[in-house]
Amino acid sequence: MRHVRGGHVFGRVVYALGEDELLALTGANEENPTMALPCRQVFAAGQRPMDVLGPCLYEQAAAVHDGFWN
(Lines give C-alpha, C1' and ligand atoms only; values in the text may rest on other atoms or scores of the structure.)
Protein backbone atom coordinates (compact mmCIF):
# COMPACT_ATOMS: atom_id res chain seq x y z
CA MET A 1 0.00 0.00 0.00
CA ARG A 2 1.14 3.55 -0.68
CA HIS A 3 -0.02 6.91 0.67
CA VAL A 4 -2.54 8.69 -1.52
CA ARG A 5 -3.04 12.44 -1.49
CA GLY A 6 -4.89 14.37 -4.13
CA GLY A 7 -4.82 11.38 -6.46
CA HIS A 8 -1.04 10.98 -6.13
CA VAL A 9 0.52 7.93 -4.52
CA PHE A 10 3.42 8.38 -2.09
CA GLY A 11 5.43 5.52 -0.69
CA ARG A 12 8.86 6.99 -0.13
CA VAL A 13 10.34 10.07 1.50
CA VAL A 14 13.90 11.11 0.67
CA TYR A 15 15.40 13.88 2.77
CA ALA A 16 18.72 15.66 3.06
CA LEU A 17 18.97 16.93 6.65
CA GLY A 18 17.69 15.29 9.79
CA GLU A 19 16.08 17.43 12.47
CA ASP A 20 19.15 17.12 14.67
CA GLU A 21 21.40 18.22 11.80
CA LEU A 22 19.12 21.16 10.98
CA LEU A 23 19.10 22.20 14.64
CA ALA A 24 22.90 22.14 14.65
CA LEU A 25 22.88 24.53 11.68
CA THR A 26 20.13 26.88 12.86
CA GLY A 27 20.64 26.87 16.60
CA ALA A 28 17.63 27.82 18.69
CA ASN A 29 16.29 30.18 16.04
CA GLU A 30 12.81 31.58 16.72
CA GLU A 31 12.07 31.72 12.98
CA ASN A 32 12.82 28.02 12.49
CA PRO A 33 11.76 25.94 15.48
CA THR A 34 12.52 22.27 15.07
CA MET A 35 10.93 19.17 16.55
CA ALA A 36 12.94 16.44 18.23
CA LEU A 37 10.90 13.81 16.40
CA PRO A 38 12.47 11.81 13.59
CA CYS A 39 10.27 11.39 10.52
CA ARG A 40 10.72 7.61 10.73
CA GLN A 41 8.82 7.67 14.02
CA VAL A 42 6.04 9.78 12.52
CA PHE A 43 5.58 7.46 9.54
CA ALA A 44 5.89 4.33 11.70
CA ALA A 45 2.79 5.52 13.56
CA GLY A 46 0.82 5.67 10.31
CA GLN A 47 -1.49 3.06 8.91
CA ARG A 48 0.55 2.32 5.78
CA PRO A 49 4.22 1.57 5.24
CA MET A 50 6.49 4.39 4.13
CA ASP A 51 10.07 4.01 2.94
CA VAL A 52 12.32 6.68 4.41
CA LEU A 53 15.73 7.34 2.88
CA GLY A 54 18.07 9.86 4.40
CA PRO A 55 19.84 11.84 5.31
CA CYS A 56 21.27 12.09 1.80
CA LEU A 57 23.74 14.59 0.35
CA TYR A 58 24.39 16.26 3.72
CA GLU A 59 27.19 18.55 2.54
CA GLN A 60 25.16 19.93 -0.38
CA ALA A 61 22.06 20.40 1.77
CA ALA A 62 24.00 22.08 4.58
CA ALA A 63 25.70 24.43 2.13
CA VAL A 64 22.44 26.28 1.35
CA HIS A 65 22.18 27.18 5.06
CA ASP A 66 25.78 28.45 5.29
CA GLY A 67 25.79 31.89 6.89
CA PHE A 68 22.01 32.28 6.83
CA TRP A 69 21.11 31.45 10.44
CA ASN A 70 23.83 33.45 12.18
Side-chain angles (χ1 to χ4, degrees):
M1 284 290 209
R2 299 295 187 199
H3 290 274
V4 178
R5 181 176 173 127
H8 296 90
V9 178
F10 296 96
R12 177 176 294 158
V13 170
V14 179
Y15 69 94
L17 295 173
E19 180 279 331
D20 57 334
E21 296 163 324
L22 182 61
L23 178 60
L25 294 173
T26 64
N29 190 294
E30 291 180 12
E31 294 181 23
N32 189 41
T34 61
M35 290 178 50
L37 181 61
C39 68
R40 283 180 176 85
Q41 283 184 261
V42 173
F43 292 122
Q47 296 180 7
R48 296 185 177 152
M50 177 68 74
D51 295 331
V52 180
L53 303 174
C56 302
L57 303 172
Y58 172 80
E59 290 181 11
Q60 293 91 330
V64 301
H65 295 273
D66 190 33
F68 183 79
W69 299 106
N70 42 19

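None of these values were measured; they are calculated from a predicted model. Just so you know, these numbers use all the heavy atoms, side chains as well, and skip hydrogens, waters and symmetry mates.
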Applying side-chain hydrogen bond (donor to acceptor under 3.5 Å, both in side chains), name anything that partners Y15, two or more places apart in sequence or on another chain.
R40
Show the atom names and distances, to 0.1 Å, of all donor-acceptor pairs under 3.5 Å that link a side chain in residues 20-28 to residues at least two apart or in another chain.
{"unit_1": "E21", "atom_1": "OE1", "unit_2": "G18", "atom_2": "N", "d": "2.7"}
{"unit_1": "T26", "atom_1": "OG1", "unit_2": "L22", "atom_2": "O", "d": "3.2"}

Shortest non-hydrogen contact between M50 and R12, atoms and distance
SD-N, 3.3 Å
What one should report as the nearest heavy-atom pair of C39 and V52 is SG-CG1, 3.6 Å
So the side-chain hydrogen bond (donor to acceptor under 3.5 Å, both in side chains) pairs with at least one residue in residues 52-67 (sequence neighbours excluded) are H65-W69
For L53, the other hydrophobic cluster members (4.5 Å side-chain criterion, sorted by chain and number) are V14
